Every structure is written in structure tokens, then in C-alpha cells.
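See below for the structure under consideration.
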Amino acid sequence: MATPTPDTPENYDQFDEEESEQQLGATASGRKRLFSKELRCMMYGFGDDQNPYTESVDFLEDLVMEFITETTHRAMEVGRTGRVQVEDIIFLVRKDPRKYARVKDLLTMNEELKKARKAFDEVKYVEDQQ
């Protein structure tokens with residue numbers, strides 16, 4: 001019996017299946033890719049090619065997911081066990097000046113957006129009443 005060579009059709013089918021799985025946005029572990037589009041845009045914004053390698057995006061997404069998972073688990077252990085609150089995240093990043101400043105900026109921006117929406121809704125409500 002002849003041994004299969006790289007040119008045999010059986011090997012091509014194997015690669016076709018792997019490519020189709022990657023196109024669906026699933027990882028080798030079966031997880032769905034959640035941030036691929038955003039990471040591609042961020043990578044381009046930071047100087048990468050407009051269409052970065054899929055392997056690079058997948059690797060970066062694995063790092064992001066690992067960071068989010070670890071941070072969430074650590075936050076669940078702080079404060080009220082089993083729940084994640086904003087204060088828990090602030091507590092975890094308090095010693096990292098860049099992360100702490102970014103968290104504060106995002107929280108401030110969130111409050112400003114809430115106030116702007118509320119003011120807009122009030123103006124819209126007043127106009128609708130007239």
C-alpha cells in the first residue's frame with residue numbers, strides 16, 4: 001500500500017476543513033472570536049497592515065481574553081465574593097497608573113454621556129409636550 005503524499009486528495013480535504021473552521025470565527029478550542037473586527041482596526045491604527053495576519057489577530061484575541069478572564073476572576077475574589085463591581089476593578093488597577101487613569105477617564109466619560117442623554121431626553125420630552 002502506498003503512503004499518502006502531500007499531494008494526495010485526502011490531505012487537501014483536511015486543510016479545507018481547517019480553513020472553513022477558521023473562516024467561521026472559531027478557535028482551535030471551539031471558542032467564538034468576539035473581538036476580531038475591533039482588534040484588526042486597532043492593529044491598523046497602531047501601524048499594522050490594513051489586513052493583518054489572521055494568526056496575529058487570533059493570538060492577540062487570546063491574550064485579551066486571558067487578561068479579561070484573569071481580571072474578572074480576581075475581581076470576583078475582591079469585595080463581595082462572586083460579584084464584580086466597578087470598585088473592584090478600580091481596586092485591582094490602582095497600582096498601575098496607566099490603567100488607573102484609563103479606567104477613571106472611561107468612568108468620567110460614561111457619566112458625561114449619561115448626563116447628556118438625560119438632558120437630550122428632557123429636551124425631547126418638552127418639545128413633544130408642546
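What you see is a predicted model; the values in this text were computed from it and never measured. If you read the sequence from its start, that first residue is 1, and numbering goes on from there.
Gln85 CD to Ile90 CD1: the interatomic distance, rounded to the nearest 0.5 Å, is 11.0 Å. Atom CD of residue Glu61 and atom CD of residue Glu38 lie 8.5 Å apart, to the nearest 0.5 angstrom. Summarising the geometry, atom CG belonging to Asp58 is positioned 11.0 Å from atom CG belonging to Leu63; distances are rounded to the nearest 0.5 Å. Note that CG of Leu60 is 9.5 Å distant from OG of Ser36, once rounded to the nearest 0.5 Å. Here CG of Asn110 is found 12.5 Å from CG of Asp105. Values are rounded to the nearest 0.5 Å. Once rounded to the nearest 0.5 Å, the distance linking CE of Met109 with NZ of Lys104 reads 14.0 Å.
Through chains of ILVMFWY side-chain contacts below 4.5 Å, Leu92 is grouped with Val78, Phe91.
Arg94 contributes no side-chain N or O that, together with a main-chain N or O of Tyr100, makes up a donor-acceptor pair within less than 3.5 Å. Judged by distance alone, with hydrogens and angles left aside, the side-chain atoms of Gln50 form no donor-acceptor pair with the main-chain N or O of Tyr44 at under 3.5 Å.
For residues 113-123, the salt bridge (Lys or Arg N to Asp or Glu O under 4.0 Å) pairs, not counting sequence neighbours, are Glu111-Lys114.
No salt bridge links Arg102 with Asp96; every basic N to acidic carboxylate O contact stays at or beyond 4.0 Å.
In the hydrophobic cluster analysis, where Ile, Leu, Val, Met, Phe, Trp and Tyr join through side-chain heavy atoms closer than 4.5 angstrom, Tyr53 is grouped apart from Val57.
Counting heavy atoms from C-beta on, the side chains of Lys99 and Ile89 never come closer than 4.5 Å. Using a 4.5 Å cut-off on side-chain heavy atoms (C-beta onward), Val86 and Val103 make no contact.
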Chi angles and distances behind the side-chain contact (heavy atoms from CB on, under 4.5 Å) call for Phe67, Thr72: CA-CA 8 Å; Phe67 174 78; Thr72 304; over 6 Å; no
Salt bridge (charged side-chain N to carboxylate O under 4.0 Å, His left out) evaluation trace for Asp62 with Arg33: CA-CA 9 Å; Asp62 289 341; Arg33 294 290 180 188; 2.9 Å; yes
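Taking both residues in full, the closest heavy atoms of Met43 and Ser56 are given as CE-CB, 3.9 Å, listed atom of the first, atom of the second, then distance.
Of the residues Thr71, Asp88, Val84, the one that meets the side chain to side chain contact (heavy atoms under 4.5 Å, CB included) test with Met76 is Val84.
Within 6.0 Å of CE in Met65 there are more than 12 heavy atoms belonging to other residues, nucleotides or ligands.
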